Structure formats: structure tokens, C-alpha cells
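Computed from heavy atoms alone, side chains included, the values below leave out hydrogens, waters and symmetry copies. Please read these numbers as outputs of a predicted model, since none were measured by experiment.
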Amino acid sequence: MAKPSLRQLDIFAQMVVAGGISRCARDLGLPVEEIAQDIASLEMRLGYRLFEDLPERKRLTPAGRKTAEAMTLLSQDQPESWSLDEPAPEASEPPPAIERSAPRQSITLAAPAPVFGHFQEALAAFEAANDDVAITLDLSIHLAEEARRALDQGRVDIAYFFALGEPPELPSRYGWSEQINLYAGTDHPLARRDCVTPEELRISPTLAMEPHNALRRIIDAAFERDGISIGAPVIETDNMFDIMTILREGAGCFAAFGPLARDLGRMSGIRRLALEQPLPAIEVRQAIAPQAEANSAVAALAEFLFL
């Protein structure tokens with residue numbers, strides 16, 4: 001899941017079990033404010049809401065249920081109290097139903113969490129229209145090599161991944177691109193400039209996710225490919241609340257793309273830098289396992305999500 005902190009994932013799991021933020025805070029012995037910050041930071045990283053706000057409790061959104069199921073798949077330990085049977089939302093346009101006489105079929109779909117957020121409603125609609133198909137979500141795959149390995153091993157049927165063009169070893173098709181942008185606090189010197197030059201970027205301190213983070217790795221690869229140099233990071237963390245706080249304090253610039261970038265751009269006290277030259281774009285690509293290409297249900301799901 002793009003490596004959110006284990007603390008955030010633990011708190012998410014506890015929130016699912018507790019059913020409300022007050023009980024979760026009491027069970028963990030933490031202030032309610034800390035629980036709220038960690039959940040908000042996790043939602044910002046993933047690019048979608050995990051919980052619906054109700055008067056006395058928290059209820060998983062459809063995307064939150066899928067995320068909980070994906071975590072269960074990784075841990076192989078699903079608590080009975082995780083109540084993941086909320087009805088899926090209705091779609092504005094019904095997806096194509098598949099005529100099948102075979103038993104209920106399982107399809108495993110791999111996608112980075114922000115990409116899942118892009119088509120979560122379409123996925124719910126497909127499941128609602130095809131009750132003989134069970135879709136399992138894998139949020140652990142982000143980059144081409146991870147996708148290729150999972151597809152070759154038969155662990156997933158469809159994989160979405162981040163790339164800088166079509167990988168030669170993995171036949172895939174282009175879905176869309178997400179522009180990388182740089183963000184800084186509104187009081188940062190570069191945020192007040194009408195145009196920021198490459199030389200100013202080279203000497204400006206930055207904030208960054210941890211080196212092993214898939215989003216950090218694909219951004220670094222894009223910068224290296226295009227010969228873009230930015231200042232060394234003054235902090236490396238996967239805690240988005242910390243990054244937002246430090247950005248607002250003016251300590252550096254932060255590179256992001258996709259839902260994370262859009263959320264940063266909407267926040268008070270943070271501004272997208274006006275760059276003299278645009279930064280690279282990250283591609284989102286789709287690949288299908290060779291053994292699954294002849295499967296009508298897999299083909300229909302891949303096409304429906306691609307549209």
C-alpha cells in the first residue's frame with residue numbers, strides 16, 4: 001500500500017474492529033486527536049476515504065472494505081468482527097453482465113492504492129452486476145517488476161502499475177498519466193516566485209518519502225531519466241501528517257503525483273510551485289496474466305475498468 005507506516009495500518013485495523021474513534025482511542029490508550037490524524041494521513045496517502053462519518057461510529061466505505069480485505073489477504077488473519085458486508089453503491093451506468101454457468105469465479109486484481117481509488121466505483125458496480133464473480137484486491141504491487149513477477153507466478157489476473165513507458169519485459173497498455181508537481185508552504189521563497197528555474201530546484205532542500213517507498217522510487221527514476229536534479233532531502237518519512245506540517249513551516253519542497261498531489265494542492269498553507277519546465281509524468285498501465293487472457297470474466301473486468 002505504498003508503505004504507509006505500520007502504526008497507521010495498525011490503527012486502521014483497530015478502527016475497523018472498534019467501530020468508532022472514541023473506542024479505538026480507548027483501546028489503544030491514545031488521544032482521539034492522534035487517531036484522527038493517523039487515519040486522515042493514511043486516507044491522504046491512499047487517495048480515498050476509508051470511513052464514513054456517522055453520529056456514534058465509523059462505517060467502512062466500499063473502498064475501505066476492499067482495503068481491509070486486501071490487508072486480510074496479506075496477513076491471512078481476518079477477525080470475525082470486521083463486518084465487511086455493507087452494500088456496494090449503485091453505479092450510474094450498469095457494467096456488462098457476464099453470462100456464466102460455471103461456479104463463482106475468483107479474480108485477483110492488483111493495483112496501487114491511489115489507482116484503486118480511481119476506479120473503486122466501477123469495481124463495485126462490476127461486482128454488483130456479476131454476482132458469480134468474486135474480486136480480490138491486492139494493494140501491494142506498485143511498479144512494473146512487481147507486477148510482472150505476480151502475473152508470471154499466477155498470483156494476480158490483472159495488474160495496474162506505475163511506469164515510465166511500456167516495460168520491454170511486460171506487455172501492457174497505457175491507461176493515463178499523472179503529472180509530478182512540487183509543493184511548498186505558502187511562505188517558502190519559491191512559492192512566492194512566478195517562475196522557478198531548474199537551478200533553484202537544484203539547490204533547494206526537499207522533503208521526501210522513505211527510500212524504499214514505491215512512490216518515491218518511481219519519482220526518483222523519472223527525475224534520473226530526464227536529468228532533473230533537486231535538493232537533498234532534509235527529512236524522509238512516510239507520515240503524510242508530518243510532511244504537511246513541515247511543508248507549511250517552509251522547510252523544503254515535496255514532489256508528488258496523483259491523488260496525493262491533488263490533495264496537497266487543495267490544502268491551505270501549501271502551494272504548487274510554478275516551474276519554468278514541467279516535471280515528468282508517471283504512467284499508469286494495465287497488464288493481464290498470460291493464462292488469464294482467454295478468461296471471459298477477466299477480459300470483461302479488464303476492459304470495463306480500462307474504459
Side-chain angles (χ1 to χ4, degrees), residues 1-71 82-84 86 111-118 120-121 137 139 142 178 181 183-186 207-210 213-216 235-272:
M1 246 184 281
K3 302 299 183 186
S5 70
L6 291 177
R7 169 191 169 91
Q8 291 172 356
L9 296 179
D10 287 343
I11 287 177
F12 169 60
Q14 187 61 38
M15 275 282 290
V16 174
V17 174
I21 193 167
S22 297
R23 180 178 173 184
C24 179
R26 184 174 61 252
D27 292 346
L28 294 176
L30 296 172
V32 169
E33 293 75 15
E34 284 191 29
I35 301 295
Q37 285 179 1
D38 276 306
I39 292 297
S41 179
L42 180 58
E43 289 179 331
M44 183 176 178
R45 166 69 64 75
L46 299 179
Y48 52 82
R49 294 288 302 276
L50 293 168
F51 295 98
E52 298 174 358
D53 292 319
L54 297 174
E56 298 296 332
R57 62 191 179 94
K58 294 279 189 177
R59 183 175 64 192
L60 286 168
T61 64
R65 291 198 304 278
K66 279 294 184 185
T67 303
E69 290 169 355
M71 288 176 58
W82 277 30
S83 299
L84 302 176
E86 299 283 350
V115 174
F116 164 59
H118 181 85
Q120 57 179 288
E121 292 184 2
L137 189 65
L139 298 175
H142 300 84
E178 299 281 6
N181 283 293
Y183 296 85
T186 51
L207 314 176
M209 296 181 188
E210 296 177 12
N213 187 288
L215 303 184
R216 162 82 181 272
I235 186 172
E236 296 174 311
T237 178
D238 283 350
N239 189 311
M240 287 310 305
F241 183 80
D242 288 346
I243 287 177
M244 289 185 293
T245 300
I246 298 169
L247 272 179
R248 289 186 173 117
E249 293 172 351
C253 306
F254 179 70
F257 66 93
L260 176 57
R262 289 190 287 274
D263 286 345
L264 285 171
R266 298 187 185 107
M267 290 185 173
S268 62
I270 296 175
R271 181 174 299 168
R272 180 172 61 87

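- The side-chain heavy atoms of I270 and T186, taken from C-beta on, include no pair separated by under 4.5 Å.
- To the nearest 0.5 angstrom, F254 atom CZ is 4.0 Å from I243 atom CD1.
- Using a 4.5 Å heavy-atom threshold, the side chains of F51 and V16 count as touching.
- Of the inter-residue distances, the one linking I11 atom CD1 with L42 atom CG reads 9.5 Å to the nearest 0.5 angstrom.
- With sequence neighbours excluded, the residues satisfying side-chain contact (heavy atoms from CB on, under 4.5 Å) with A261 are Y183, A256.
- Remark: side-chain polar atoms of T61 are paired, donor with acceptor, to backbone N or O of R49 under 3.5 angstrom.
- With sequence neighbours excluded, the residues forming a side-chain contact (heavy atoms from CB on, under 4.5 Å) with S41 are Q8, N239, M240, F241, listed by chain and number.
- Scanning for salt bridge (Lys or Arg N to Asp or Glu O under 4.0 Å) contacts around E236 gives R216, with sequence neighbours left out.
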Identify all side-chain donor-acceptor contacts of residues 18-35 below 3.5 Å with residues at least two apart in sequence or on another chain.
residue : atom : partner : partner atom : Å
D27     : OD2  : Q14     : NE2          : 3.4
E34     : OE1  : R7      : NH2          : 3.0

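- Between M209 and L260, the closest side-chain pair of non-hydrogen atoms falls below 4.5 Å.
- Rounded to the nearest 0.5 angstrom, N213 CG and E210 CD are separated by 7.5 Å.
- Here N181 pairs with nothing under the side-chain hydrogen bond (donor to acceptor under 3.5 Å, both in side chains) rule; sequence neighbours left out.
- With sequence neighbours left out, the side-chain hydrogen bond (donor to acceptor under 3.5 Å, both in side chains) criterion links E178 to W176, R262.
- Closest of all the heavy-atom pairs between Y48 and L139 is OH-CD1, 3.9 Å.
- Looking at residues two or more places apart in sequence or on another chain, you find a ring pair (Phe, Tyr, Trp, His ring centres under 6.0 Å) between F257 and F162.
- Side-chain N or O atoms of E43 include one that pairs as donor or acceptor with a backbone N or O of L50 at under 3.5 Å.
- Distance check: T67 OG1 to L137 CG gives 7.0 Å after rounding to the nearest 0.5 Å.
- Screening residues 242-251 for side chain to side chain donor-acceptor pair (under 3.5 Å), with sequence neighbours left out, gives no hits.
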